[in-house]
Number of protein chains: 2
Amino acid sequence: MSTERHDDKRRRSAANGTLELERFLPYQLNVLAEQVSRSLSKIYGERYGISIPEWRVIATLGQYGRMTAKEIGLHSRMHKTKVSRAVASLQADGRLERKANSDDKREALLRLTRQGRLIYDALAPDALAFAGELTSVLSQADSEALGRIIDQLRERSEDLALGLDRSG
Amino acid sequence: MSTERHDDKRRRSAANGTLELERFLPYQLNVLAEQVSRSLSKIYGERYGISIPEWRVIATLGQYGRMTAKEIGLHSRMHKTKVSRAVASLQADGRLERKANSDDKREALLRLTRQGRLIYDALAPDALAFAGELTSVLSQADSEALGRIIDQLRERSEDLALGLDRSG
DNA sequence: TGACATTAGTTGCGAGTGTAACTATTTCTT
DNA sequence: AAGAAATAGTTACACTCGCAACTAATGTCA
């Protein structure tokens, strides 16, 4: 099924040259992220009744206090429609409140209500514990490498996407 | 510690860990996987006109030749409805063909058509090149660590999900 | 000032997804 | 052998998402 000519190997990046899905990094990353999200969603959803976008909004406001929807989106890397819907849902549930900005009436300043703050205070330790249990299987060296690797890959991928845009 | 007040939420020690979204592994993994998928989708979609699930089916059949939908799902870690829809779409486009299995009429044996094989042969090198360009920013040591880290994290996450199921 | 461009945020819409229910077939149990 | 359980695969449904279009407000510039 696969070509076995020696001069092909040089041009292929995987160790043995053929495309194996389970060794293909984009696939591996996707499977891992999905798996981790599913596990974590059990805490988000079943224990606190919120979605992942809502969780990101809560985590961002919990960390920074008062922000606009745009700032939340930038900080948590979410599309503005995702932020808009998560904010609307949290507000409907009384976990977040908007305050008009008199200096610029296009935007609204958002912050957690007392109820939203309670959720954040309860959820944050659980989330940190989950992350801790996740990384506890890694060696000290691997654990330190991981943060660096993730940042490098994300930046590289962004650059590649730009390159593909220009040529495609 | 000596001046800590009971309501001082911003001064948790680094050891306990303040929850910072951009340092939270599940978030980082999700952002990275999304970014990589978006980049790679430019090759899948714009250059060859197929979706990610379709790409996974093509890659699996390209590697193994003839399989059932269930086997494809197991190998590529896709839900059976995702496989079903991707297979139906590929078949409609003449890129895949089904053959009834006379030994078990519930299942069908699937394989790429000549046209599907052409896509695989063209796409696989591009995909490998993309992965190569992605990992080229990593040091040799980090690159080797990455595969190991991903496998360990995925297994750990699966175990944690089971634990959460039982307790939650 | 007045016309045009830009920005924050919302919403309609189409595409994709997982759950649950369903069909058709095979296997198990007695 | 007959009914029950299990299995491969499909489909209806509800939900999520991003794009594009939209509203409302602000900024730009002649």
Side-chain angles (χ1 to χ4, degrees), chain A residues 30-31 33-35 37-39 41-42 44-46 49-57 60-61 66-92 96-111 161 165, chain B residues 30-31 33-35 37-42 44-46 49-57 60-61 66-93 96-111 161 165:
Chain A
N30 224 62
V31 168
E34 268 182 25
Q35 175 60 51
S37 281
R38 232 191 322 274
S39 299
S41 284
K42 290 188 191 303
Y44 292 158
E46 295 173 11
I50 59 175
S51 68
I52 288 183
E54 287 171 3
W55 149 248
R56 287 195 188 175
V57 170
T60 304
L61 288 178
R66 183 168 294 185
M67 293 180 97
T68 67
K70 165 151 208 184
E71 289 168 333
I72 293 175
L74 284 174
H75 181 260
S76 61
R77 291 177 186 264
M78 285 197 291
H79 193 274
K80 62 179 180 176
T81 62
K82 223 175 189 173
V83 176
S84 174
R85 284 157 180 153
V87 164
S89 170
L90 288 170
Q91 187 184 20
L96 172 156
E97 60 187 9
R98 318 166 101 100
K99 194 176 175 183
N101 178 8
S102 53
D103 287 346
D104 186 340
K105 289 173 190 164
R106 290 172 302 182
E107 64 187 24
L109 295 172
L110 308 171
R111 68 168 185 181
D165 266 340
Chain B
N30 223 62
V31 168
E34 266 182 26
Q35 176 59 51
S37 281
R38 229 189 328 272
S39 299
L40 192 55
S41 284
K42 290 188 190 303
Y44 292 159
E46 294 173 10
I50 59 175
S51 68
I52 288 183
E54 287 171 2
W55 150 248
R56 287 196 189 175
V57 170
T60 304
L61 288 177
R66 184 168 293 184
M67 292 181 99
T68 67
K70 167 154 206 183
E71 289 169 332
I72 292 174
L74 283 174
H75 181 260
S76 61
R77 291 177 186 263
M78 284 196 292
H79 193 273
K80 62 179 180 176
T81 61
K82 221 175 190 174
V83 176
S84 175
R85 285 159 178 149
V87 164
S89 170
L90 288 169
Q91 187 185 19
D93 293 342
L96 171 157
E97 60 187 8
R98 319 165 99 100
K99 194 175 174 183
N101 177 9
S102 52
D103 287 346
D104 186 341
K105 288 171 189 165
R106 287 173 304 184
E107 65 187 25
L109 295 172
L110 309 171
R111 67 169 187 181
D165 267 338

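Sequence lines set the chain letters: A, B, ... in the order given, protein chains first and strands last, and positions in each chain run from 1.
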Without placing hydrogens or testing angles, list every side-chain donor-acceptor pair under 3.5 Å for residues 83-93 of chain B, not counting sequence neighbours.
residue: B:Ser89; atom: OG; partner: B:Glu54; partner atom: OE2; Å: 2.5
residue: B:Gln91; atom: OE1; partner: B:Arg98; partner atom: NH1; Å: 2.7

Rounding to 0.5 Å, atoms CG (B:Leu40) and CZ (B:Arg38) come to a distance of 12.5 Å
Quick one: closest heavy-atom pair of B:Thr60 and B:Ser76, and the distance?
-> OG1-CB, 3.9 Å
Please step through side-chain contact (heavy atoms from CB on, under 4.5 Å) for the pair B:Lys99 and B:Arg111, ending with a clear verdict.
-> CA-CA 8 Å; B:Lys99 194 175 174 183; B:Arg111 67 169 187 181; over 6 Å; no
Check the interface with nucleotides 12-16 of chain D: list each N/O to N/O pair with the protein under 3.5 Å, or write none.
residue: D:dA12; atom: N6; partner: B:Arg85; partner atom: NH2; Å: 3.0

Find out whether B:Met78 and B:Arg56 are in side-chain contact, i.e. whether some heavy atom of one side chain is under 4.5 Å from a heavy atom of the other.
-> yes
Less than 4.5 Å apart, any side-chain heavy atom of A:Leu110 and any of A:Met67?
-> no
Whole-Å distance, B:His79 NE2 to D:dT11 P, equals 15 Å
Position toward the 5' end of DNA chain C (nearest nucleotide), B:Lys105 or A:Arg38 | A:Arg38
Looking at B:Ser84, does any N or O in its side chain come under 4.0 Å of the phosphate oxygens OP1/OP2 on D:dT10?
-> yes
Between the first and last five pairs of the helix from C:dT1-D:dA30 to C:dT30-D:dA1, the angle of the axes, rounded to 10 degrees | 20°
Who passes side chain to side chain donor-acceptor pair (under 3.5 Å) against B:Arg66, sequence neighbours left out?
-> none
Distance, nearest 0.5 Å, that separates CH2 of A:Trp55 from OH of A:Tyr44 = 5.0 Å
Exam field: side chain A:Glu71 to backbone A:Thr68, donor-acceptor pair closer than 3.5 Å | yes
B:Asn30 and A:Ser37 have their tightest heavy-atom pair at OD1-OG, 2.9 Å
Nearest heavy-atom neighbours spanning A:Arg77 and B:Val31 | CD-CG1, 3.4 Å
For nucleotides 2-8 of chain D, 5' to 3', base contacts (B), sugar-phosphate-only contacts (S) and non-contacts (-) with protein non-hydrogen atoms under 4.0 Å give ----BBS
From the 5' end of DNA chain C to its 3' end, which nucleotides mark the outer limits of contact with chain B, defined by a 4.0 Å heavy-atom distance cut-off (strictly under)?
-> C:dT17 to C:dT26
Hey, does A:Arg98 reach any base, or is it just sugar-phosphate, or nothing, if we go heavy atoms under 4.0 Å?
-> sugar-phosphate
Distance, nearest 0.5 Å, that separates CD1 of A:Ile72 from NZ of A:Lys80 = 15.0 Å
Tell me: CE of A:Met78 to C1' of D:dC19, nearest whole Å?
-> 18 Å
For A:Ala161 against B:Lys42, the heavy-atom pair lying closest together = O-CE, 3.7 Å
